[in-house]
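Every number for a ligand or one of its atoms is a count from 1 in the order of the listing.
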Amino acid sequence: MNAPEIPPLELPAFDNSFAALPAAFYTRLEPLPLPNPQLVAVSRDVADLLGLPPEFLNSPQFAEIFAGNRRLPGSAPLAAVYSGHQFGVWAGQLGDGRAHLLGGLRNELGHWEIQLKGAGRTPYSRGADGRAVLRSSIREFLCSEAMAGLGVPTTRALCVIGADQPVYREEVETAAVVTRVAPGFVRFGSFEHWASRDRGDELHQLADYVIDTFRPECRAAANPYDALLRDVSRRTGELIAHWMAVGFMHGVMNTDNMSILGLTLDYGPFGFMEAFDAGHICNHSDHRGRYTYRNQPHVAQWNLYCLADALHSLVGGALPARQAVDDTYGEAFETTFERLLRAKLGLRAGLPDDEAFIGETFAFLQQHRPDFTLFFRRLSRLPATVEAADTARTDAPLRNLFVDRAACDAWLQRWRARLAQTPWADAERQAAMLAANPKYVLRNWLAEVAIRQARAGDFSEVQRLLSCLRQPYAEQPEFEDYAALPPDWASGLEVSCSS
Ligand code: AMP
Ligand code: MG
């Protein structure tokens with residue numbers, strides 16, 4: 001009997017909007033092929049967003065196309081130019097050194113651009129190899145989808161394709177390509193690029209492109225560019241608040257890694273907070289701790305000032321541009337952060353003292369360093385009232401996260417007193433808290449287990465971890481182990497920019 005035939009591919013039509021910009025914005029070029037491409041993992045959620053037929057995903061042509069070996073019909077591959085500030089210092093021209101934008105497509109769910117990361121050298125590779133290793137590609141893939149599951153704005157990831165080609169980092173690894181999907185990949189640094197070269201026309205064209213493609217509502221404003229800057233500042237404030245609420249640390253918040261659409265972009269040495277320490281440095285290469293958890297809100301504002309400076313000629317001056325950031329960013333961050341923390345703490349309605357209580361809670365976490373995710377998840381199940389004689393038993397799941405149990409008891413007393421001020425039936429509050437406090441985040445040790453198996457040729461753990469992380473707020477008893485504290489062997493895990 002013949003194998004069932006794969007029906008002819010019917011892919012949605014391409015709409016290469018970025019490629020319609022003048023040639024100065026990018027270089028058209030083909031991805032470089034990789035030997036023996038193999039599907040490592042695929043996100044069905046993202047395939048659905050794109051309208052890709054399920055039978056396509058496991059076909060040999062899928063691996064060929066998303067390794068960069070065959071052209072996706074209708075695509076027009078290009079690498080975009082941008083510049084940026086890295087670790088607070090102007091770095092000059094950067095650009096897509098290992099990313100190929102295939103183009104975009106539009107459907108009833110939105111506008112989606114598709115980008116290969118790791119598909120070979122481009123004119124912006126600056127001496128590097130244009131490749132990405134399997135390890136970092138799996139991390140980017142899993143974290144993109146984990147963040148989407150958590151409800152954090154992010155670029156998405158369709159798949160990882162591995163190949164037999166060696167890639168040289170601290171040791172020899174193998175090449176992989178991760179396919180990213182987002183409405184757009186324009187960065188703060190895309191604007192800094194033209195501003196730094198005094199190229200007013202291109203700056204104008206890029207701003208018009210972003211407004212017309214993504215933010216047409218800005219056209220109604222007296223100054224659409226001022227409206228765009230305010231929009232970016234507001235979304236960035238909301239984004240950083242989401243990061244802080246789930247304990248996410250980006251690790252490399254350079255201006256070239258900041259999305260103009262307010263999405264989490266460029267997953268490298270990121271981390272999720274485990275034993276709470278606001279000063280935690282997740283990027284081994286961040287020697288001075290610029291991108292610690294606690295610094296993220298300040299750094300985002302600093303990055304927005306860079307964007308404001310780049311846009312000043314369009315906004316009508318340097319001061320008005322910075323003012324646009326000042327008027328929107330802090331307010332958006334604080335409002336969103338307080339809303340998310342109230343939800344995490346089970347506070348039904350806001351009270352004027354909540355900011356102080358939230359601050360006190362973070363100081364308490366800092367002093368006693370419980371696991372950030374487990375702390376809030378376990379808190380979610382505790383009752384609002386408890387007989388004094390029963391606290392040790394009732395509160396045990398939370399108390400067990402602390403060496404100093406008396407300190408935990410004291411904080412719980414404060415928490416319960418606050419709950420009593422805005423009463424809420426336990427069952428309802430607990431359900432709301434469980435929907436605000438994830439059980440599963442992409443802990444480094446989980447990624448590491450999946451990566452080690454994948455490097456040995458078994459990709460099943462990547463797909464299994466993905467199926468857990470796409471629903472991080474659900475109990476999923478079959479994945480109970482993934483909610484555990486990091487094992488002893490994981491304490492020495494380090495991640496750096498080398499990807
Ligand atoms: P990142 O720190 O990953 O955001 O990268 C900063 C810049 O270096 C970007 O322009 C990247 O495209 C480029 N880059 C990073 N790794 C590579 C690589 N292996 N090959 C070419 N370019 C790279
Ligand atoms: Mg980058």
Side-chain angles (χ1 to χ4, degrees), residues 25-27 29-32 34 68 77-101 113 115-141 143-144 154-155 157 160 162-163 165-180 182 184-194 196 249-261 263-271 281-287 290-291 299-300 303 306-307 495-499:
F25 285 86
Y26 51 79
T27 303
L29 80 174
E30 294 295 326
L32 295 180
L34 280 169
L78 61 84
V81 68
Y82 53 81
S83 294
H85 283 83
Q86 298 185 317
F87 292 91
V89 179
W90 177 245
Q93 179 179 306
L94 303 165
D96 290 333
R98 49 170 172 172
H100 290 70
L101 182 67
E113 303 216 323
Q115 192 184 61
L116 305 184
K117 180 170 176 180
R121 264 199 196 108
T122 78
Y124 317 111
S125 300
R126 299 178 300 143
D129 60 8
R131 291 299 180 189
V133 296
L134 182 61
R135 161 178 55 87
S136 65
S137 304
I138 289 174
R139 281 173 54 85
E140 170 141 22
F141 172 79
C143 201
S144 307
T154 180
T155 60
V160 179
Q165 183 152 314
V167 174
Y168 302 91
R169 296 293 183 262
E170 277 94 357
E171 51 178 348
V172 186
E173 304 190 40
T174 57
V177 177
V178 57
T179 296
R180 310 197 285 194
F185 291 94
V186 176
R187 299 144 191 270
F188 290 13
S190 311
F191 287 92
E192 291 178 276
H193 181 74
W194 300 115
S196 72
M249 293 160 283
H250 183 285
V252 206
M253 289 176 69
N254 295 335
T255 58
D256 53 304
N257 291 338
M258 298 290 294
S259 154
I260 206 75
L261 303 180
L263 306 170
T264 314
L265 172 65
D266 274 10
Y267 291 90
F270 63 82
I281 302 172
C282 66
N283 177 356
H284 187 58
S285 321
D286 181 10
H287 304 295
R290 182 177 174 85
Y291 299 137
V299 170
N303 290 344
C306 290
L307 178 65
V495 277
S496 71
C497 281
S498 149
S499 61

> Considering only non-hydrogen protein atoms, determine which one is nearest to atom 4 (O) of ligand 1 and report residue, atom name and distance to 0.1 Å.
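Result: Asn257 OD1, 2.9 Å.
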
> How many angstroms lie between atom OG of Ser136 and atom CZ of Arg131, to the nearest 0.5 angstrom?
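Ser136 OG to Arg131 CZ: 12.5 Å, rounded to 0.5 Å.
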
> Can you list the ligand 1 atoms lying under 4.0 Å from a non-hydrogen atom of Asp266?
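Reading through ligand 1 atom by atom, the close ones are 4 (O).
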
> Measure across Ser259 and Phe188 and return the closest heavy-atom pair with its distance rounded to 0.1 Å.
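Minimum heavy-atom separation between Ser259 and Phe188: O-CE1, 3.5 Å.
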
> Quick test: of every protein heavy atom, which one is nearest to atom 20 (N) of ligand 1, and how far off is it to 0.1 Å?
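The closest heavy atom on the protein side is Gly130 N, 2.7 Å.
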
> What are the two closest non-hydrogen atoms of Gln93 and Arg126, and how far apart are they?
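In terms of heavy atoms, the two residues are closest at O-CD, 3.7 Å.
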
> To the nearest 0.5 angstrom, please state how far the CG atom of Asn303 sits from the CG atom of Asn257.
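Separation between the atoms: 9.5 Å.
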
> Whether the side chain of Asn254 engages the backbone of Phe87 through a donor-acceptor N/O pair (distance < 3.5 Å, no angle test) should be reported.
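Answer holds: yes.
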
> Would you call Phe185 and Leu263 a side-chain contact if the rule is heavy atoms closer than 4.5 Å?
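No, their side chains stay 4.5 Å or more apart.
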
> Regarding Thr154 and Tyr267, do their side chains bring together a donor and an acceptor under 3.5 Å, going by distance alone?
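Short answer, yes.
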
> If you measure from CG on Leu265 to OG1 on Thr155, what distance do you get to the nearest 0.5 Å?
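Output value for this atom pair is 5.5 Å.
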
> Identify the closest protein heavy atom to atom 12 (O) of ligand 1: which residue and atom is it, and at what distance?
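Heavy-atom neighbour on the protein nearest atom 12 (O) of ligand 1: Gly97 N, 2.8 Å.
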
> Mind checking whether Leu94 has an N or O less than 3.5 Å away from an N or O of ligand 1?
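No, Leu94 has no N/O under 3.5 Å of an N/O on ligand 1.
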
> Give me the nearest non-hydrogen protein atom to atom 19 (N) of ligand 1 as residue plus atom name, then the distance to 0.1 Å.
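The answer is Asp129 OD1, 3.0 Å.
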
> Under 4.0 Å from any heavy atom of Tyr82, which atoms of ligand 1 are there?
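Those of ligand 1 that fall under 4.0 Å from Tyr82 are 9 (C), 10 (O).
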
> Out of Arg98, Arg121, Arg169, which one pairs with Asp129 under the side-chain hydrogen bond (donor to acceptor under 3.5 Å, both in side chains) rule?
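Of the listed residues Arg98, Arg121, Arg169, the side-chain hydrogen bond (donor to acceptor under 3.5 Å, both in side chains) partner of Asp129 is Arg169.
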
> Could you name the option among Arg126, Arg121, Gln93, Arg169 that has the heavy atom nearest to atom 7 (C) of ligand 1?
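Checking each option, the heavy atom nearest atom 7 (C) of ligand 1 is found in Arg126.
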
> Which residue owns the protein heavy atom closest to atom 15 (C) of ligand 1, what's the atom, and how far is it?
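Ranking protein heavy atoms by distance from atom 15 (C) of ligand 1, first comes Arg98 NE, 3.6 Å.
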
> Kindly confirm or rule out an N or O of Asp96 lying under 3.5 angstrom from an N or O of ligand 1.
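Checking ligand 1 against Asp96, no N or O pair falls under 3.5 Å apart.
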
> Relative to the Mg ion (ligand 2), how many protein N, O or S atoms have a separation of less than 2.8 Å?
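Near the Mg ion (ligand 2), the number of protein N, O or S atoms below 2.8 Å is 2.
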
> Nearest 0.5 Å please: distance from the CZ atom of Arg135 over to the CD atom of Glu171.
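So the gap between those two atoms works out to 7.5 Å.
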
> Can you report which non-hydrogen protein atom sits closest to atom 6 (C) of ligand 1, along with the distance?
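Going atom by atom, the protein heavy atom closest to atom 6 (C) of ligand 1 ends up being Gln86 NE2, 3.6 Å.
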
> What is the closest protein heavy atom to atom 5 (O) of ligand 1, and at what distance does it sit?
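Result: Asp256 OD2, 4.6 Å.
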
> Is it true that Gly268 lies under 4.0 Å from ligand 1, counting heavy atoms only?
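Contact check Gly268 vs ligand 1: negative.
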
> In chain order, what residues pass the side chain to side chain donor-acceptor pair (under 3.5 Å) check against Arg187, with sequence neighbours excluded?
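Residues passing side chain to side chain donor-acceptor pair (under 3.5 Å) with Arg187: Asp266.
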
> Nearest heavy atom to atom 9 (C) of ligand 1: which of Ser83, Gly95, Gly251 does it belong to?
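Looking at heavy atoms only, the winner is Gly95.
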
> Which value, rounded to the nearest 0.5 Å, describes the distance between Asp96 atom CG and Lys117 atom NZ?
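The CG atom of Asp96 sits 10.0 Å away from the NZ atom of Lys117.
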
> Do you know which two heavy atoms are closest between Trp90 and Glu192, and how far apart they sit?
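In terms of heavy atoms, the two residues are closest at CZ3-OE2, 3.7 Å.
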
